[in-house]
Amino acid sequence: MNKADALPKSSIALLAALADITRDSARMRIDPQDADLLIAADLARREPDGRLVATDAGCARALRHAATDGAIDPFRAQHLNLARRVIVTPDGHADVMVDEAESPLTWLARRKGRDGQPLIQAVQLQAGERLRGDFTRASLTPRVTSSWDASLAQGRRGQGGTGTFTDAVVAARERLRRALDATGPEFAGLLLDVCCFLKGLEDIERERRWPPRSAKVVVQLGLDRLARHYGLAEQARGRARAPIRTWLDADSEFVVET
């Protein structure tokens, strides 16, 4: 067992904080003993100004530790940008772990323009992820390897392959079709490429021969139309209270006898 495997929980917590580049270690309360353990294990180092920073090995160790819940292989997790997110599902909400570096929309949501605002708003990101969720549940994600599934093999021979779709798949395809119809032919193909096939904006501009940095604007317009279809908005608007509904006739009323 090496020094990195024998770290106490307090040192692991410190390492996780150091690996978070959004935090300033100069303002953190650091236990000298934990700092010495991390430096001895080559997981952290001292900068000339006295700051304690995580090394490359330390960042990888922190990512592996964050993936110890068994949802993903720890050594694979160290090469991903994992984060937990609550997503909307047909049955409500679900807390899932996602790779923020996988989707171009997440990249746009993290980047800020000259005005200091994100390149896409939260509702636009939510609309794009909702479209991607229906695309995945509709079993439209392309396969990258051979499949030896028996039902698919029978379907190629014409022995009942059309009956393998579940109600959930059919419902997801219907939701996907309605969403793309609502965005129109101007944005449907672009949203499929960016949200579902995860193509980068530079690839989109090169394939469609668009001017540089023009895809970002078109994606924003398409996501706005998609968000309107899903009923998503930055601010909730409506009546202050809902009207009282009863089963009485239009000319009837409740009578309270005393």
Residue pairs fulfilling side-chain hydrogen bond (donor to acceptor under 3.5 Å, both in side chains) with at least one residue in residues 197-213, sequence neighbours excluded: D193-R208, K199-E207, D203-R206
In Å, rounded to the nearest 0.5 Å, how long is the span from OG1 of T106 to CZ of R111? 10.5 Å
For V123 and Y230, what are the C-alpha separation, side-chain angles and deciding distance, and is it a side-chain contact (heavy atoms from CB on, under 4.5 Å)? CA-CA 10 Å; V123 292; Y230 288 136; over 6 Å; no
From L176 CG over to L192 CG, what is the distance, rounded to the nearest 0.5 angstrom? 6.5 Å
Looking at every non-hydrogen atom in both residues, tell me the closest pair between A109 and P118 and how far apart they are. O-CB, 3.6 Å
Could you give the distance from CG (L191) to CD (E186), rounded to the nearest 0.5 Å? 11.0 Å
Taking all atoms of both residues into account, what is the closest heavy-atom pair of K112 and L119, and its distance? C-CD2, 4.2 Å
Side chain to side chain, I204 and V218, heavy atoms closer than 4.5 Å: no
Looking at residues at least two apart in the chain, or sitting in another chain, which of them share a side-chain hydrogen bond (donor to acceptor under 3.5 Å, both in side chains) with R177? E174, D181
Residues in side-chain hydrogen bond (donor to acceptor under 3.5 Å, both in side chains) contact with Q117, at least two apart in sequence or another chain: none
Just verifying a value: how many Å separate I120 CD1 and W107 CH2, rounded to the nearest 0.5 Å? 10.5 Å
Where is the tightest heavy-atom contact between L131 and C195, given as atom of each residue plus distance? CD2-CB, 4.2 Å
What do the steps show when you test K216 against L201 for side-chain contact (heavy atoms from CB on, under 4.5 Å), and what is the final call? CA-CA 7 Å; K216 176 184 64 178; L201 298 186; 4.2 Å; yes
Show your reasoning for whether side-chain contact (heavy atoms from CB on, under 4.5 Å) applies to L140 and R173. CA-CA 9 Å; L140 296 176; R173 293 194 175 191; 3.5 Å; yes
Check side chain to side chain contact (heavy atoms under 4.5 Å, CB included) between D224 and all other residues, then give those that pass, not counting sequence neighbours. Q124, R228
Shortest non-hydrogen separation from A172 to A138 and the atoms involved: CB-N, 3.7 Å
Check whether NZ of the Lys or CZ of the Arg R225 lies under 6.0 Å from the centre of the six-membered ring of F187 and within 45 degrees of that ring's axis. no
Using the test side-chain hydrogen bond (donor to acceptor under 3.5 Å, both in side chains), find all partners of D49 that sit at least two apart in sequence or belong to another chain. R51
Going by side chain to side chain contact (heavy atoms under 4.5 Å, CB included), name the residues that satisfy it together with V170, two or more places apart in sequence or in a different chain. F165
How far does NE2 of H229 sit from OG1 of T183, to the nearest 0.5 angstrom? 8.5 Å
Just do the side-chain contact (heavy atoms from CB on, under 4.5 Å) check on L198 and R132 with the steps written out, would you? CA-CA 9 Å; L198 306 179; R132 180 186 174 190; 3.9 Å; yes
